[in-house]
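Below, read A as the first sequence line, B as the second, and so on, with proteins coming before strands; counting in each chain starts at 1.
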Amino acid sequence: MASYDRIAKLSLDRGFYFPSSEIYSDSMAGFWEYGPNGNNLKNKFIELWRRELVRRDDMIEIDGSQIMSKNVFVASGHIDNFSDPVIVCSKCKSTLRADKFIFDKTRINVPEGASNNEVDEVLNQNNLKCPTCGSSFQPTERFNMMFKVGIGPRNEEAYLRPETCQAIFVDFKRIFKIMRGKLPFSIAQVGKSFRNEIAPRQSLLRLREFYQAEIEVFCNPNELDSLSKFDEIKDTILTINDGSEVFKLTAKEAIENKIIPNKLIAYYLSILNEFYEKTGIDMNQTRFRKLSDKEKAFYATIAFDFELKTSVGWLELVACNYRSNYDLDQHSKISKEKMEITDPVTNEKVLPHVFELSLGIDRSIYSVLESSFFDDHENDRVILKLKPYLAPILAGILPLVKKPELGDIAKNIYHDLKKDFDMYYDESGSIGRRYRRLEEIGVPFAITVDYDTLEDKTVTVRYRDTMQQKRIKMKDLKSFFVENKDP
RNA sequence: GCGACGAUCGUCCAGUUUGGUCUAGGACAUCAGAUUGCCAAUCUGGUAACCCGGGUUCAAAUCCCGGUCGUCGCACCA
């Protein structure tokens with residue numbers, strides 16, 4: 001497996017991703033750009049997600065605002081729960097989470113709603129000093145992970161969303177109505193979220209501005225086990241870590257053994273599993289890890305993290321949270337808007353519960369890159385073994401040598417195909433060098449125009465992974481790519 | 001955020017110890033031309049860097065201070 005460093009260098013060299021604003025000396029950590037190849041890969045990853053989750057399950061997709069008003073986050077709980085009491089040493093400026101530090105030293109649980117003064121009092125009463133240098137602390141401050149923004153000339157308080165899903169909750173009633181929804185009803189969204197991380201690190205793995213692909217499944221809490229489509233996935237094999245033991249079993253067995261609490265959750269974990277299988281990551285290195293009460297987000301009652309073992313350890317790719325009716329209830333209370341709907345299936349009036357699949361796109365992109373990276377020592381080359389439907393470019397069109405009689409034909413092929421597929425034309429340098437360049441960004445096919453082409457109108461197709469070649473007729477190229485570009 | 005270490009062409013490295021000979025050198029990559037009948041070939045030529053700001057000095061890539069970023073450790077990570 002490739003190391004984090006190899007992927008970082010490849011990404012920098014070949015335009016998958018690189019630091020934002022890098023020509024300025026005041027550029028900030030935690031912001032990265034996708035270059036041309038990374039952007040293509042990301043788009044194709046999202047398209048696969050749409051195919052395997054959104055379209056498969058008849059979900060609908062929306063695109064909400066990135067900036068939302070203060071009350072949205074009062075309701076969601078982020079104003080209170082997303083902010084931590086922080087203490088700073090007056091001398092060495094060490095910064096600590098106050099509640100955690102107090103608990104570690106004294107076993108006293110400072111309640112989440114405690115004021116700064118109350119925190120200071122506990123510190124004083126227990127005579128707690130900086131663990132690094134022994135000095136006292138400055139008064140407790142609040143650190144909120146949300147970016148606050150001022151709107152309009154009066155700088156009205158608003159926030160960059162720390163997760164994309166709030167738009168889905170806020171819009172739920174209208175969407176359910178206009179789409180004539182039936183429960184379970186799933187709404188999906190792809191977009192950016194923003195978190196003011198204290199110490200962003202490791203490029204795409206911890207960003208301050210990042211992409212999420214979120215799915216919120218609205219369901220009737222009394223109907224979680226009456227899901228006919230469960231049969232589609234009952235034999236899907238899942239790896240589940242319940243905190244102490246690791247189980248590898250089918251969705252059906254997971255339900256029977258109560259490792260997964262209901263069929264609805266099992267169904268969505270399974271189609272998520274099948275999606276990731278198609279990205280080419282090694283499923284033997286993945287697991288659904290059931291979170292303990294301590295690890296869960298404040299809104300979750302049941303939570304599984306979908307994780308992949310990478311060169312930098314286990315990486316959380318998707319948070320799967322059963323949020324109960326927490327969000328709709330909160331938005332209903334704060335906005336005074338009724339959120340109950342009548343479940344057209346059972347004719348019951350319910351405030352739907354929500355099961356969420358919150359997928360980190362950037363981490364997934366990194367995972368796909370690391371999983372497909374391959375050092376071919378035998379042939380002295382580096383290959384990204386990306387699936388054709390994820391590769392930034394589907395094929396390179398290459399004249400064998402740089403001669404007009406071959407180049408003109410190759411250019412014509414390129415012009416013929418580029419509207420339908422991501423193609424790349426290259427005539428500079430030796431043919432071997434051009435093959436190597438394509439392999440390194442994961443291009444699965446190379447089409448070479450040679451002197452035989454002039455005689456019989458055939459070209460060679462070279463396969464990236466095996467380096468094998470076969471001849472096909474020029475006029476069959478289009479159907480060849482149609483057959484080979486989809487999952 | 002704290003601490004340690006680091007930052008020179010796209011990449012890797014030389015030069016910093018001992019300030020001047022550095023209008024900063026090499027390799028790989030890249031671009032142009034030549035050559036080339038299938039796997040990083042060859043030849044010629046070119047593009048291209050001292051992280052940012054301040055200070056010391058006759059003189060700074062080199063010494064000092066601050067900032068930013070990176071790696072690692074601690075802390076943080078809904």
Side-chain angles (χ1 to χ4, degrees), chain A residues 4-5 8-10 12-15 18-32 35 76-78 81-84 86-89 91-101 104 130-133 141 143 145-146 162-163 165 193 195-203 205-208 210 212 291 294-300 303 305 312 315-316 319 321 323 326 356 358 360 376 378-382 398-403 405-406 427-440 446-454 459-460 462 464 467-469 471:
Chain A
Y4 172 82
D5 294 330
K9 187 173 181 305
L10 177 72
L12 213 51
D13 283 354
R14 309 304 245 119
F18 44 85
S20 178
S21 315
E22 58 180 338
I23 64 167
Y24 282 100
S25 61
D26 65 346
S27 68
M28 296 292 172
F31 300 93
W32 290 69
S76 73
H78 286 89
N81 294 298
F82 221 62
S83 85
D84 299 320
V86 169
I87 42 178
V88 180
C89 171
K91 198 170 157 208
C92 74
K93 305 293 175 200
S94 280
T95 309
L96 301 164
R97 265 281 293 274
D99 50 344
K100 277 203 130 170
F101 176 67
D104 288 346
C130 170
T132 315
C133 72
E141 297 164 27
F143 177 75
M145 298 266 294
M146 283 195 294
E163 51 180 8
C165 60
S193 291
R195 290 180 194 171
N196 198 0
E197 294 283 354
I198 295 174
R201 246 173 233 192
Q202 290 178 315
S203 60
L205 305 188
R206 197 133 122 238
L207 296 162
R208 287 186 165 130
F210 59 100
Q212 292 185 303
L291 300 190
K294 243 181 100 179
E295 292 176 294
K296 285 187 299 203
F298 62 86
Y299 45 68
D305 276 354
V312 289
L315 198 60
E316 176 194 338
N321 294 307
R323 299 174 75 123
Y326 174 85
E356 157 186 86
S358 174
D376 182 357
E378 198 182 325
N379 295 298
D380 192 25
R381 60 182 189 149
V382 164
L398 321 169
L400 181 61
V401 293
K402 192 175 178 178
K403 284 273 163 63
E405 61 263 41
L406 301 183
E427 60 175 23
S428 84
S430 73
I431 190 73
R433 178 184 295 271
R434 282 175 276 157
Y435 289 149
R436 294 292 184 276
R437 270 201 292 250
L438 292 171
E439 289 161 347
E440 212 182 354
I447 304 300
T448 309
V449 172
D450 56 22
Y451 289 101
D452 289 347
T453 309
L454 300 174
V459 292
T460 59
R462 174 184 182 272
R464 173 194 66 200
M467 298 170 67
Q468 278 171 355
Q469 302 190 340
R471 293 201 79 83

> Mind checking the P distance from B:C58 to B:A14? Whole angstroms is fine.
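That atom pair is separated by 32 Å.
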
> Between the base of B:C77 and the side chain of A:R208, is there a donor and acceptor pair under 3.5 angstrom?
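There is none.
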
> What is the pairing partner of B:C38, taking Watson-Crick or G-U wobble pairs with both distances under 3.5 Å in any strand?
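Here B:C38 is not engaged in any pair, so there is no nucleotide opposite it.
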
> What's the spacing between A:E22 CD and A:L12 CG if we round to 0.5 Å?
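That separation rounds to 7.0 Å.
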
> Kindly assign one of parallel, tilted or perpendicular to the pair A:H78 and A:Y299, based on the angle between their ring planes and the thresholds 30° and 60°.
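Aromatic pair A:H78/A:Y299 classed tilted.
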
> If you go through the side-chain atoms of A:T460, does one of them form a donor-acceptor pair with the base of B:C38 closer than 3.5 Å?
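Answer yes: a donor N or O sits under 3.5 Å from an acceptor.
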
> Could you state the CZ-P distance from A:F31 to B:G70, rounded to the nearest angstrom?
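After rounding, the gap between these two atoms is 11 Å.
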
> What is the distance from CD1 of A:I447 to P of B:C39, rounded to the nearest Å?
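Nearest whole value for this atom pair: 18 Å.
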
> For B:C77, give the paired nucleotide (Watson-Crick: N1-N3 plus N6-O4 or O6-N4; G-U: N1-O2 and O6-N3; both under 3.5 Å), or none.
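Check on B:C77: unpaired, no WC or wobble geometry under 3.5 Å.
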
> With both distances under 3.5 Å as the test, what is the Watson-Crick or G-U wobble partner of B:A48?
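B:A48 is unpaired by these criteria.
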
> Determine whether a donor-acceptor pair (one donor, one acceptor, N or O, separation below 3.5 Å) exists between the side chain of A:E22 and the base of B:C69.
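Counting by modelled atom types and ignoring angles, no donor-acceptor contact under 3.5 Å is found here.
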
> Take nucleotides 47-55 of chain B nucleotide by nucleotide from the 5' end and write B, S or -, depending on whether a protein heavy atom sits under 4.0 Å from the base, only from the sugar-phosphate, or from neither.
-----S---

> How many Å lie between CZ on A:R381 and P on B:C39, as a whole number?
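Atom CZ in A:R381 sits about 13 Å away from atom P in B:C39.
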
> Taking the same atom, P, in B:C2 and in B:U17, what whole-Å distance lies between them?
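Here B:C2 and B:U17 have their P atoms 30 Å from each other.
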
> Given that both distances must come in under 3.5 Å, which nucleotide forms a Watson-Crick or G-U wobble pair with B:C43?
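Pair assignment: B:C43 / B:G33.
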
> Distance check, C1' atoms only: B:C38 and B:C52, in whole angstrom units.
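Result for the C1' pair: 49 Å, nearest Å.
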
> Write down the distance separating the P atoms in B:G6 and B:A49, rounded off to the nearest Å.
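So the two P atoms sit 26 Å from each other.
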
> Before accepting this row, confirm whether a basic side-chain N of the pair A:R436/A:D376 lies closer than 4.0 Å to the acidic partner's carboxylate O.
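A salt bridge is absent here (no side-chain N lies under 4.0 Å from a carboxylate O).
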
> Do A:E405 and A:V449 make a side-chain contact, defined as non-hydrogen atoms from C-beta onward lying under 4.5 Å apart?
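No, too far: nothing below the 4.5 Å cut-off.
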
> Taking atom C1' in both B:U21 and B:A59, compute the distance separating them and give it to the nearest angstrom.
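Straight-line distance between the two C1' atoms is 13 Å.
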
> Using atom CD of A:E439 as one end and atom C1' of B:A29 as the other, report the distance to the nearest whole Å.
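Value for this atom pair: 17 Å.
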
> Look through every strand shown and name the nucleotide pairing with B:U71 as Watson-Crick or G-U wobble, where both distances are under 3.5 Å.
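In the structure as shown, B:U71 has B:A4 as its Watson-Crick or wobble partner.
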
> Just call it for A:D452: base, sugar-phosphate, or nothing, with non-hydrogen atoms closer than 4.0 Å on any strand.
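Base: the residue A:D452, judged by heavy atoms under 4.0 Å, touches a nucleobase.
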
> What string of B, S and - do you get for nucleotides 5-12 of chain B 5' to 3' if you count protein non-hydrogen atoms under 4.0 Å?
------S-

> To the nearest 0.5 angstrom, please state how far the CG atom of A:N321 sits from the CD atom of A:E356.
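Rounded to the nearest 0.5 Å, the CG-CD separation comes to 5.0 Å.
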
> Would you mind classifying the nucleic acid contact of A:A29 as base, sugar-phosphate or nothing, using non-hydrogen atoms under 4.0 angstrom?
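Counting heavy atoms under 4.0 Å across all strands, the contact made by A:A29 is with sugar-phosphate only.
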
> Strictly below 4.0 Å: does A:S27 bring a side-chain N or O up to OP1 or OP2 of B:U68?
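The answer is no; no side-chain N or O of A:S27 sits under 4.0 Å from OP1 or OP2.
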
> Does a nitrogen or oxygen in the side chain of A:R437 sit under 4.0 Å from OP1 or OP2 of B:U30?
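Checking B:U30 against A:R437, a side-chain N or O does come within under 4.0 Å of OP1 or OP2.
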
> Indicate yes or no: at least one non-hydrogen side-chain atom of A:V86 is less than 4.5 angstrom from one of A:I198.
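Result no, sub-4.5 Å side-chain heavy-atom pair not found.
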
> How close or far is atom P of B:C38 from atom CZ of A:R471, stated in whole angstroms?
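Computing the A:R471:CZ to B:C38:P distance gives 13 Å.
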
> Which part of the nucleic acid does A:M28 contact within heavy-atom distance under 4.0 Å: base, sugar-phosphate only, or nothing?
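It contacts sugar-phosphate atoms only.
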
> Quick one: look up who B:C63 pairs with, Watson-Crick or G-U, both distances under 3.5 Å, and put none if it's unpaired.
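Pairing partner, where one exists within any strand: B:G55.
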
> Give me the distance, rounded to whole Å, that separates B:G25 from B:C9 when you measure between the C1' atoms they each carry.
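The same atom, C1', in both gives a distance of 11 Å.
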
> Check whether the side chain of A:R462 and the base of B:C39 form a donor-acceptor pair under 3.5 Å.
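Donor-acceptor pair under 3.5 Å: yes.
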
> Hunt down the Watson-Crick or G-U wobble partner of B:U11, both distances under 3.5 Å, from any strand shown, or write none.
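Paired with B:U11, as far as the under-3.5 Å criterion goes, is B:A27.
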
> When the P atoms of B:U42 and B:U23 are considered, how many whole Å apart are they?
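Between the two P atoms, the distance is 33 Å.
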
> Hey, what do you get for OG (A:S20) to CZ (A:R208), rounding to the nearest 0.5 Å?
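Answer for the OG-CZ pair, A:S20 versus A:R208, is 12.0 Å.
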
> Please say which of A:R462, A:R433, A:R434 ends up in a salt bridge (charged side-chain N to carboxylate O under 4.0 Å, His left out) with A:E439.
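Considering A:R462, A:R433, A:R434, a salt bridge (charged side-chain N to carboxylate O under 4.0 Å, His left out) with A:E439 is found only for A:R462.
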
> Identify, between A:D5 and A:K296, the residue whose nearest nucleotide on RNA chain B lies closer to the 5' end.
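Upstream on the strand: A:D5.
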
> To the nearest 0.5 Å, how far apart are CG in A:L398 and CD1 in A:I431?
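One gets 4.5 Å once the value is rounded to the nearest 0.5 Å.
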
> Quick one: label A:Y24 by what it contacts on the DNA or RNA (base, sugar-phosphate, nothing), any heavy atom closer than 4.0 Å.
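Answer is nothing: A:Y24 stays at 4.0 Å or more from every strand.
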
> Expressed as a whole number of Å, how far does the C1' atom of B:C64 sit from that of B:U47?
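Result for the C1' pair: 36 Å, nearest Å.
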
> Picking from B:C38, B:U36, B:C76, which would you name as closest to the side chain of A:K403?
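Looking only at heavy atoms from C-beta outward on A:K403, the closest nucleotide is B:U36.
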
> With a 4.5 Å limit on heavy-atom distance, are the side chains of A:T448 and A:T453 in contact?
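SC-SC contact between A:T448 and A:T453 ruled out.
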
> A:M467 has an atom CE; how far is it from atom C1' of B:A40, in whole Å?
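Going from A:M467 (CE) to B:A40 (C1'), I get 11 Å.
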
> To the closest 0.5 Å, what do you measure between SG (A:C165) and CZ (A:R323)?
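These two atoms lie 4.0 Å from each other.
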
> Quick one: are A:L10 and A:E440 in side-chain contact, heavy atoms under 4.5 Å?
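The answer is yes, as the side chains (C-beta and beyond) meet within the 4.5 Å cut-off.
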
> Side-chain N or O of A:R433 versus OP1/OP2 of B:A41: is the shortest distance under 4.0 Å?
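Affirmative; the distance criterion is met.
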
> Which nucleotide in the set B:G1, B:A40, B:C69 lies at the smallest distance from any side-chain heavy atom of A:R436?
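Nearest nucleotide to the side chain: B:A40.
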
> Pick the nucleotide of RNA chain B nearest each of A:Y451 and A:D26; which residue has the one closer to the 5' end?
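Its nearest nucleotide lies further toward 5', so the answer is A:Y451.
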
> Between atom CE in A:M146 and atom C1' in B:C77, what is the gap in whole Å?
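These atoms are roughly 16 Å apart.
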
> For A:D380, answer base if it contacts any base atom (sugar-phosphate contacts may also be present), sugar-phosphate if it contacts only those atoms, and nothing otherwise; contact means non-hydrogen atoms under 4.0 Å.
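Base contact.
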
> Round to the nearest Å and state the distance from A:K402 atom NZ to B:G37 atom P.
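After rounding, the gap between these two atoms is 15 Å.
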
> Across all strands shown, which nucleotide pairs with B:U21 by Watson-Crick or G-U wobble geometry, both distances under 3.5 Å?
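Pairing partner, where one exists within any strand: none, as none qualifies.
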
> If every non-hydrogen atom of A:P399 is compared with every non-hydrogen atom of A:E427, which pair is closest and at what distance?
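Result for this residue pair: CG-CB, 3.7 Å.
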
> What nucleic acid atoms does A:I431 come within less than 4.0 Å of, heavy atoms only: base, sugar-phosphate, or nothing?
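Sugar-phosphate only.
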
